[in-house]
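One structure is given below, encoded as structure tokens.
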Number of protein chains: 2
Amino acid sequence: MSDTGQAVLADLILDRESPVPLYHQVVSRIESAIERGELQPGVRLDNEVEIARQLGLSRPTLRMAIARLVDKGLLIRRRGLGTVVAPAHVRRPFALTSLYDDLVAVGRRPVTRVLGFKSVPAPEEIARELTVQPGTRLLFIRRLRLIEGEPIAVMTNYLPEGLLRAEAPELEESGLYRLLRRRGIQPRIANQTVSARLASAAEARLLSVRRGAPLLTMRRTAFDDAGRPVELGIHIYPAERYSLEMTVVRH
Amino acid sequence: MSDTGQAVLADLILDRESPVPLYHQVVSRIESAIERGELQPGVRLDNEVEIARQLGLSRPTLRMAIARLVDKGLLIRRRGLGTVVAPAHVRRPFALTSLYDDLVAVGRRPVTRVLGFKSVPAPEEIARELTVQPGTRLLFIRRLRLIEGEPIAVMTNYLPEGLLRAEAPELEESGLYRLLRRRGIQPRIANQTVSARLASAAEARLLSVRRGAPLLTMRRTAFDDAGRPVELGIHIYPAERYSLEMTVVRH
DNA sequence: AAGTGGTCTAGACCACCGC
DNA sequence: CGGTGGTCTAGACCACTTT
């Protein structure tokens with residue numbers, strides 16, 4: 001009914017010497033203020049000109065920050081009305097994070113076992129999807145992921161050779177995407193197909209489910225900034241223990 | 001190896017009298033040039049300052065346009081290198097379109113049968129997900145979608161009353177989202193959970209599959225600009241005939 | 001009418017990249 | 001080094017929403 005409150009952002013501290021862009025500093029400060037509950041859902045922010053003045057920024061710079069937050073679904077902005085903190089309806093951004101990151105984020109302890117790690121010539125279909133020549137040598141990786149002793153995924157990946165070296169042990173400690181990032185490789189765009197089928201006997205054994213249990217399947221090709229192939233992933237999950245969650249924002 | 005060509009965008013026609021923002025005009029012009037093949041993947045664009053000059057725009061305005069196209073995965077931009085048209089690896093944006101739209105877009109003819117359309121009090125769990133009071137009256141809709149005679153989805157939806165009226169017949173002609181848009185309701189953010197399970201006898205009958213066949217399941221809550229609940233959808237798809245595709249761009 | 005975000009301009013300087 | 005995109009400024013005017 002009445003005003004839900006006016007947020008004062010004047011005390012955000014910006015570091016003009018930092019290499020981190022100012023608008024990005026604003027994004028992360030406001031983001032964490034919302035996460036910590038200092039900015040409650042429904043709270044109305046001051047208008048853009050006023051916030052910019054308080055922070056000592058130009059309006060375009062501040063707008064860039066707010067635009068990012070709107071994109072993430074954290075803020076809602078309407079002409080003539082103002083900017084308010086979005087309701088809490090989850091705000092998990094749909095991004096190219098790995099399952100590993102997701103699980104760690106909620107405090108669970110996934111364990112990974114590397115089942116396969118070798119160089120293979122690219123099968124025709126996989127070569128086509130990754131846009132490499134058939135027969136090109138690819139790194140084949142197969143991992144089993146468990147959480148509290150229960151298998152939750154069998155992940156098969158094909159990567160162009162040279163992206164990773166003999167890093168099988170590290171794959172037991174870290175996610176594939178984290179390992180790639182550490183080597184300076186940034187997946188940027190990914191095409192995913194999600195479907196379902198029944199577990200074969202071999203899959204059932206690996207995943208500790210009965211034969212014919214429902215599996216969630218995901219097939220993904222990922223490319224970097226320059227459009228170079230990074231990875232093809234074929235993942236299967238026991239549907240009884242796993243689901244994919246995503247938040248979609250319409251622009 | 002050598003230059004892949006230099007695109008001249010100077011002949012894009014902009015209408016400064018139009019209510020459509022200039023940057024948006026640039027976005028749609030370039031978008032359709034790429035779709036029509038006038039701008040081939042790999043083609044390098046002139047630098048921002050030059051394009052802006054050619055179009056008679058300021059650089060920030062042009063940058064806004066290019067940023068949108070990069071977001072959509074149509075262009076790739078790298079500091080020091082330039083801007084090029086992205087490789088063709090699909091570019092289906094992951095958005096809140098309906099299955100209906102998707103199928104029509106590829107020229108297929110889906111048919112929809114409305115199985116249920118009535119007002120019901122909100123069950124507790126559904127009320128919580130939609131952030132309405134338990135017992136609030138909701139519109140319950142259940143539809144069966146077929147393509148070339150084969151069922152591909154059973155869609156169950158709950159909407160706050162008042163968003164739609166007695167429009168059951170129209171639901172056989174148009175998608176739910178299209179109908180909502182026509183009434184000025186714009187879903188903006190949606191949380192989706194995708195998983196899988198086996199078909200019950202009743203579901204198997206509806207979907208023309210055997211009992212125990214794998215089903216892809218999707219549960220979605222959607223909210224509008226102002227964070228008001230728009231819809232809760234519970235969809236099931238016969239996995240043997242349907243998969244979900246999405247393109248994810250990391251920002 | 002008043003207040004808000006939306007669009008647009010014309011510059012400036014910086015950081016990264018390949019040569 | 002020269003060229004590119006990345007960031008930032010200080011304004012201006014417009015369109016929409018509510019009072």
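Values below: every heavy atom of this structure, side chains too, minus hydrogens, waters and symmetry copies.
Between dG3(D) and Asn47(B), no contact under 4.0 Å exists linking OP1 or OP2 to a side-chain N or O. The side chain of Tyr23(B) contributes an N or O atom lying less than 4.0 Å from OP1 or OP2 of dT7(C). Taking only side-chain nitrogens and oxygens, Thr83(B) comes nearer than 4.0 Å to OP1 or OP2 of dG5(D). Dashed line: the shortest gap from a side-chain N or O of Thr61(B) to OP1 or OP2 of dT7(C) is not under 4.0 Å.
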Just the atom pairs and distances: protein N or O near nucleotides 10-13 of chain C's N or O, under 3.5 Å.
{"unit_1": "dA12(C)", "atom_1": "N6", "unit_2": "Arg59(B)", "atom_2": "NH1", "d": "3.3"}

Pairs under 3.5 Å (N/O, protein and nucleotides 14-19 of chain D):
{"unit_1": "dA15(D)", "atom_1": "O4'", "unit_2": "Arg79(A)", "atom_2": "NH1", "d": "2.9"}

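Going from atom CZ of Arg68(B) over to atom C1' of dT7(C) covers 11 Å, rounded to whole Å. To the nearest angstrom, C1' of dG6(C) lies 15 Å from CD of Gln25(B). The distance from atom CZ of Arg63(A) to atom P of dT9(D) is 15 Å, rounded to the nearest whole Å. Rounded to a whole Å, the CG atom of Leu55(B) is 15 Å from the C1' atom of dT9(C). Atom pair Met64(B):CE and dT7(D):C1' shows a separation of 14 Å (rounding to whole Å applied). Rounded to whole Å, the distance from CD on Glu50(A) to P on dG3(C) is 13 Å.
Among the duplex regions that DNA chain C forms, those built from at least three successive Watson-Crick or G-U pairs under 3.5 Å are C:1-18 with D:1-18, ordered by first number.
Leu130(A) is listed as a side-chain neighbour of Leu138(A), based on a closest heavy-atom distance under 4.5 Å.
Residues meeting the side chain to side chain donor-acceptor pair (under 3.5 Å) test with Arg128(A), sequence neighbours left out: none. Among residues two or more places apart in sequence or in another chain, the salt bridge (Lys or Arg N to Asp or Glu O under 4.0 Å) test is passed with Glu31(A) by Lys72(A). Residues satisfying the side chain to side chain donor-acceptor pair (under 3.5 Å) criterion with Ser119(A), sequence neighbours excluded, are Arg137(A), Glu161(A).
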